[in-house]
Amino acid sequence: MKLLLIHIVVAGALIYAYFRQPGALIPYTALSTALLFLLLIIFLWVSSKFYNRSYYRKLPKLFYFLLYFLKELFVANLKIAYDIVTPHYRMQPTLLALPLNAKTDLEISLLANIISLTPGTLSIDISEDRSVLYVHTLYVKHGDVEQLKRSIKDGFERRILELTA
Amino acid sequence: MSILHVTLIISMIMLSICLLLNAIRFAIGPTLPDRITAFDLFVANIIGIIIIYTELTDNEDFIDVAMVLSLFGFLGSISFAYYIMKITK
Amino acid sequence: MFYALLIGILAAAAAPLLFRAIGRRVVVPMVLIALLLFVYYCTFLPQVLQGQNLVEQYSWVPELGINLQFRMDGLSLLFALLISFFGALVMLYASGYLHNDRLLGRFYLYLTLFMTAMLGLVTSDNIFCLFISWELTSISSYLLIGFKQADKNARTAAWQALLVTGLGGLALMAGLILISISADSYTFSGLTEQRQLVQQHIFYLPAVILVLVGCFTKSAQFPFHFWLPNAMAAPTPVSAYLHSATMVKAGIYLLARLNPVLAGPDVWHYALMAAGGITAVLGAVLALQHTDLKAILAYTTISALGLLVTMLGLGSEYAVKAMLVFLLAHALYKGTLFLVTGCIDHSTGTRDLQKLHHLGPGMKYNGWAASLAALSMAGVFPFIGFVGKELLYESTLESLLLLAVNFIAGVAFVAVAIIIGFRVFWRKATDKTQLQHKAGFKLYFPPLVLAGIGLLLGVLVSSVPSPLLQQGARAVLADETAKLKLSLWHGFTPVLGLSVLTIIAGMLVYSFLPAIHTRVTALQPVYKYGPNAVYHKLFEQFLVKAKAFILWLQDGYLRSYVMYIMLFFCGLLLFTLQRDTPGINITDRIYQLQEVRLYELVVLFLVIAALVYLLGTRSRLTSIVVMGLIGYSAALFYILFGAPDVAITQFLIETLTVVIFVLLLHKLPAFTYLSHQFKKYKFIAISVLFGSLMTYVMLLVQQQAIPSELKKYYGKMSYMEAHGRNIVNVILVDFRGLDTLGEITVLAVAALGIFSLLRLNPEKGGKP
Amino acid sequence: MRTIIFATAIRYLTPVFLLFSVYILFRGHNHPGGGFIGGLIGSIAFVFHVLAHGSERTVNTYFQLTVFHQNRQENHSRTKYVWDLVGANTWKRIQPFKSASWQFYILRVRPAYMMATGLFIAVTSGVVGLLRGQSFMAAWWMEGEIPIIGAIGTPILFDTGVYLLVLGMVLKLVFTMSKE
Amino acid sequence: MAGTIDWVLVKEIISCVFILTGVIFMLIASIGLLRFPDFYIRMSAITKGATLGLGLILLGMGVYFNQPGVMLKVLAIIGFTSITAPVAAHVIGRTAVQNRISFWPKTNLKEFEDYITKEHLEQPINHDKYTEDIKEDIRMEMGGGDDADNG
Amino acid sequence: METLLPLMVGSLFAAGLYFILHRHLFKVILGLILFGLATNLFLFVVGGLTRGGTAIINKHEKVAVEPYADPVPQALLLTAIVIGFGIQAFAIVLIRRVYQTFKSNNLDELRKENEAH
Amino acid sequence: MPSDLLLLLPLLIPLYGALLCLMFWQKEKWQAAMAGLAQVAWLAGSAFLLQRVWVQDVVSTQIGNWPAPYGITLVADVFSALLLLAGAVIGLAVYLFSLQGLDVTRRRFGYYPLLLLLQMGVSGVCLTGDLFNLYVWFEVLLICCFALLSLGSTKGQLEGTLKYVTINFLASGLLLTGVGVVYSLFGSLNLAELAVLVRQPTHPNLPLLSMASIFFLVGFGVKSAIFPLFFWLPASYHTPPIAISAFIAGLITKVGIYTFIRLFTLIFVSDLGFLLPLLAILSGLTMLVGVIGAAAQTDFKKILSFHIISQIGYMLMGLAIYTPLAIAGSIFFIVHNILVKTNLFLISGVVAERYRTFSLKKLGDVYLEQPILALLFLVSALSLAGTPPLSGFWGKLMLAKAGLTAGNYILVATSLCVSLVTLFSMTKIWNEVFWKPKAQSLEKKLTRAPVNLFRLRQLYLPVILLLVFILFIGVCARPLVQLSERAANGLLHIENYTETVLTNNNTRK
Ligand code: NA
Ligand code: NA
């Protein structure tokens, strides 16, 4: 994924160079710059097919992951918002012991942070042997803890591992 | 007065209410982590106020303040946590 | 004349070094130098006797009117000769008296210094020059009285002498300044010319009082006489030289010197006569009550000094003559007697009259000297003492009171003279006092010389001392025509009758002395109220009260200090505010409230609430969080009013402070419960007062603020000249970069200080 | 604090913070920021690091440089030797540990020196004015501008001095305190 | 048609929508902070709400200014907060657990018992450490002993 | 706000002083910090309050355009804040050291080495 | 040498010296060498500066080439140069003393750089022509004092420093607020411009000047330890080792008084009818309280500490009388006191180095055992007490004369009484420390401390150095009197000062 950083820098530099010359065709606004930037990144991404296959494959996954995350974020936030503004609590707080497939520091912390960032779940701690992540969660569908665990593992963990692999 | 202006003023008022609510949680506690959480939210509210103020005055210099605050606002909570760990271990 | 003094000072400085180099032989050069000075002053005789005033002048600090101005006239020369001659003899004597003392070098240092100072005193024409010498004599006297520093009495006496004469010195300084201001002149000659100005100036009375206090302390006049008997703790040569012959006469000298300037108005005369008269009688009476030879001599000295002051106060030509002659006579015989007493002390180990009997055979030279001096003291023909006494009586014939004073003193002198000149040495007694040492040449030669001179001058009174004394009298009276023809024999006059009567009365008193001595204890309670007791009482009370006062004021509580400071500040601020302020325009203020935004109000409310909460909470961590809250709110205000840089800094600093707290907190004090308990409301009141005053000041200043040129200038130049758009930053690094340099220095030092605070522990031998 | 999550986050964030602090330093002349703020931000980055990893680890990571050195062999060409030295000290930093022929020295950047250097730069940037015959701290600007950083002149140098000093100061505090 | 669209107005309206949504999220978060029953619930629910709200407000501003520089900063801030907020939440939450801050009684702690035994946190939860409740204060006033202190 | 801010700053002053007058070491630190904060705000308030306009020259201008806040008090304030920070840090460490050495948090007990004796 | 450089040298020399010391942090010997070089250079720089202002009266430079009211001004007149020179002399003396008289641990922990930076602060305060910059330099000076006072962290030091820090922090706060008030009311920070502004009778805010002056009166009053603001001084000055307290005690309060005199002759002159009587009362009380405090003490250093306060009263007295002679007297007194007070502290240090105590009760017999030291003490002590013709006399005389001329009789009387009590205290020390025989019980214990005579002799060196200066300004008082009068004249006739600053021609391009 280092390549993404390099691409961003390259794209940024190109845009900077473009707008520094007098009489640029495109107006210098956030929207146009962002579009230009996206265009460049996509171009670079396509070009990477020829020299970095894994990056070529991973970038769309990253994109989907972000979308998935944003969806989760919104949904969960709305869920909680509903709980806050209505008089009753619908939540059933539960502490999960989530077995981990993630191994490296980066993977574990990415996962934990993503979980924490999603409303309704909070990574409390990791067991000494780094095999279990303890998660405080508010909503367990039908009280099925295992199902929830599976959905987290399938949702976030799998995607993260795919990206970092 | 444009729509934007009205929106911004309403937002300011709502954020002010947020501040008050946080203050209440802060006051009632009951535990220190509660207060720290309230403080965290307080910082987030302040960032919000700064952002709205930026738009209200059309002066982008204030964004930098928000940026610094968003980066380092959490050091406070970290420090408290650090402290609590240190004294209990 | 200046170089003579310089030689004196150099000699003084050399004395300890010489002593280290050549041991006790140091006496030879010291005596020689004193003699050299004597000879030097003798060379002035011809000119002075012709009535010339020799003047010498060097610029020193002309801005303050202080120059090295010297003048030699009859009065000065008389004293200078006395001082240098006496000095030589005392130095010789001292080497015998202190021959085993390992601090002899220092003794000579002090003694020579004193002699020089004294010479400077009597030869100065500049009043401040005189004052400088005056103070130096006090200091050297202090060092000499306390010469036997291991003896507590000596230390106390030295201290007392210094403080009393020091007090006088300060009064004298003030007096001299007043005089110099009133006539705008700094020399005695100048002042004498401007005497009208001085005497008509409003400063005249205070100046006279101050000068008199100065002179009276120095010359041991009532009520400052008490230090002199105590000063007898000094080695005897010192008592002889300083406390009878020279230093105590410095006051007399100055009075005589100032006589032409200040004499005239009644207050001068009456003050002198009153003080002198009381002192003379008191000294005489007290002298007879003591059995310590030195004490007796000291009190008679006081009495004699009193007589001198009285005479000066009388101020007539006769009186001045009498004063001068008596001064000379007294110096000679009293010096002798002191030196003899010193010998007695040295040889027998005691000075108690009741233990000393029939010493004459063992120390015959001293005995002769004592007898000769005693005869002079008693005023027996043909000694100079006789001439002096005659003149004294003659000048006071018109005033019965003063005559009585003279008579009483004279009687006491006779009695004392018999004691020393006869009883101690020659009266046969069954239990002869054993001598431990034999008095050597150095111990008997000087008194013998002095006593001999007393006789000689008496015999030759009309030819030898008379011309010099005449010049002296002219100086005192500021009258170039004053005549002083002295003769030994005036014929059978009433005055002679008085003299004889005095001697007879003195003998009678002497015969009653044992009875007096046994009754003295009955008088003890009286002394509780004497000036000496007052001094000690004052001394102790001052120390006690000072200690109590300072313990009360500097009580060790930080908060009382802070409280005093803040009260002082608030008081002054309140005063100026109620006096000067234009007042705050309330309507404007209320109108401005319309501008307030809700969010501002909320943040403001939060800060106040946080403060209230802070006052109540007793958890450290919560307090720190609350502090953070307040700090962040302040930063928010900085943003709202256009100061992003300040706001960022405030945020970061607040955060860092929290970190510092946290890193150190587990070693910071816990909130064990400590209430203010007492005075809590006082503290609240002060704080509220302070807070409201600051609020008021802020409102006032806001209202009165004027737009600043700096703002415009920086706004204009920041980008154009300093290449920066952020004016605040440009001010920090360019316009006012020096501030920032200082500021970062503060930071560096703070870091160093914190580092050493935390790491350095000398007890454990810390390493960097 | 033994928590991987925090430690990892800080490990990745610290360089970002440091970059950010330098950025703030240089743009301070035209926007909010400057040496003091930049220095504080940089130092707070290290404070995080100290909190997460302990001061020893921070020192090892950021404040010491291991310099590798090897004596030149007979058969070693001079160019190759220099190239090897440069390589060992830049991109191949791990390899020398594995070989016995390499020696290494540890260079330490002490906060006190950092402070002193900062102060030195700040003062000396002022002395430039004196040396040019003008008064102390009279600014001297280079022609032209550098992207992002902007115009370069002695005031910027001064601000850099401030930055270093603040950085050194806070580090000194934090290192001292955390060793307590 | 394109000529008749007031782009400035569109921009403002988009900005308004973002900002209002964001502020509402923040407000709800604040209410939640006040309402929710235990520390962990507040923690896991609230800070994230605020993060989302803040992100939306920021985006609103970015749209309004429509400048690349501002947008970059906006993205930076969003990025920063989405890294720092969960880390802070985790750290505080962990600290709370370590210090036996009590859970809401309805919390299901079945899977957590393992952790509790390992970390020796079985002792009854001790609130005193973090509370300055009034009773404690009164005790101090009467007895003059140590305060309810955190240290 | 020109009217209300002085009130707030005044209360900060009062609270700061009140804490400094306390005999508890920790409260004294709090007092010092509050007092410092109040001093800084005083400088700011007294220097004139301008809403919104920062003292930064717009990139389209060459000179600052009104209304902009007076940069001078801000610059002074920045310097003062930094200096205050240095001194406060020192004070905090000092108090910690005092506590460690005297084993007491009560200022009154430090009086044992009373200076007036 | 150009004036710009001369004005900057007193700032730059100590700063660079301190920097070098920091660079040689591990090597104490090198630090000592660097510090020594810096001390000598500082002395030379100050001397040159004095020589320059003697010729030119006032010299000024604009930092950063920004013209006068906008950039920071450095300005020197005779008064400031004189104070700097005195500071440089005692700096050298204290430095020499510290080589043997301070433990190596403290020297290793930044004693030299701290001392140098303190001197830099002093230079800044003396030379700056800007109100806020003055505050900054004062803070530099203060934080150095904090660090030095606490250097070593003994119990007494910590307690003393705590009080020192707290009270001085408050005072600094008041100063800062005062600066804000003055800036808002008059729109300038430049002292010269302010001086011109407050002399315009029509200025609308003139009536508020005395309100503003209260902030400075109390702020600098605390720093210069006048009554009733002096409490921190006796609480702290006796606590650190002599090499530290000698310099701080000798110089720092005088720097406070310097500022006091500077500001109250330059700026706060509109309300002298109120200020002068107030100052007169304060100065009288300061003298009295200080001297009473000293009289009650039985510790060498504490006596000296309390006397600082009493002598501050004298310095303030000149300002209260407000005539050229009076202010000249104050200035003379300041210079004299800096030298003498430092010397007395150093002597107490030499005594303590041998006998390990400052208690008058335990000490004794120094007169016999260290005669040279006794002589050195006696001269210094008498100088302090104002015995003629030593240095203290001249200041006292000038003040008394000025006071009597101006009709401040009570103040003069007080000052003379105080000088008597000073004599009392000094001779008390002499009696107890030098003359009195040591108590038998203590004798064994005290002499057991190993005495390195060589070291002890080296400690005499700075004392003798200072004594030479003291004797010089006593016996050859004229140069200093002239300088003081020049300085006082400059203070009371500010036209030269304002003109030099405001028309300085080294402005932009
Ligand atoms: Na800046
Ligand atoms: Na700064």
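Each chain gets a letter, A, B and so on, in the order the sequences are listed, and its residues count up from 1.
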Atom CD1 of G:I372 with >12 non-hydrogen neighbours under 6.0 angstrom
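For G:I372, atom CD1 is not crowded (no more than 12 foreign heavy atoms under 6.0 Å).
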
Chain C interface, residue from [options] that has the most non-hydrogen pairs under 4.5 Å:
options: G:F434, G:F146, G:F393; answer: G:F393
options: G:L325, G:I72, G:V104; answer: G:I72
options: G:T128, G:T405, G:L189, G:V136; answer: G:V136
options: G:W394, G:W232, G:F186, G:Y183; answer: G:W394
options: G:V140, G:I63, G:N431, G:L416; answer: G:N431
options: G:K436, G:M120, G:E485; answer: G:K436

Select one option (side chain, backbone, both, neither) describing which atoms of [X] are under 4.5 Å from chain C's heavy atoms.
X: G:V289; result: both
X: G:T166; result: side chain
X: G:Y135; result: neither
X: G:L174; result: side chain
X: G:L158; result: side chain
X: G:D271; result: side chain
X: G:S213; result: neither
X: G:V421; result: side chain
X: G:T387; result: side chain
X: G:L288; result: neither
X: G:L209; result: neither
X: G:V181; result: both
X: G:P371; result: both
X: G:L390; result: neither

With only heavy atoms counted, which part of [X] is less than 4.5 Å from chain G, the side chain, the backbone, both or neither?
X: C:V697; answer: side chain
X: C:S59; answer: side chain
X: C:L700; answer: side chain
X: C:L577; answer: side chain
X: C:I181; answer: side chain
X: C:M566; answer: side chain
X: C:A158; answer: side chain
X: C:F131; answer: both
X: C:L752; answer: side chain
X: C:L64; answer: both
X: C:L553; answer: both
X: C:F569; answer: both

Taking the six-membered ring for Trp, are the ring centroids of [X] and [Y] within less than 6.0 Å of each other?
X: G:F230; Y: C:Y561; answer: no
X: G:Y70; Y: C:F735; answer: no
X: C:W159; Y: C:Y142; answer: no

Check: C:D734/G:W66 side-chain N/O donor and acceptor closer than 3.5 Å:
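C:D734 vs G:W66: donor-acceptor pair found between side chains.
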
Does NZ or CZ of C:R559 fall inside the cone over C:Y564's six-membered ring, less than 6.0 Å from its centre and within 45° of the axis?
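C:R559 over C:Y564 ring: no.
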
Counting N and O atoms only, with roles assigned by atom type, does the side chain of C:Q554 sit under 3.5 Å from a partner on the main chain of G:F231, one being a donor and the other an acceptor?
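Here the side-chain-to-backbone pair exists.
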
Can you run down the side chain to side chain donor-acceptor pair (under 3.5 Å) pairs that involve residues 138-150 of chain G, sequence neighbours left out, and say none if there aren't any?
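Checked against side chain to side chain donor-acceptor pair (under 3.5 Å) - neighbours excluded - the pairs reaching residues 138-150 of chain G are G:E139-G:S172.
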
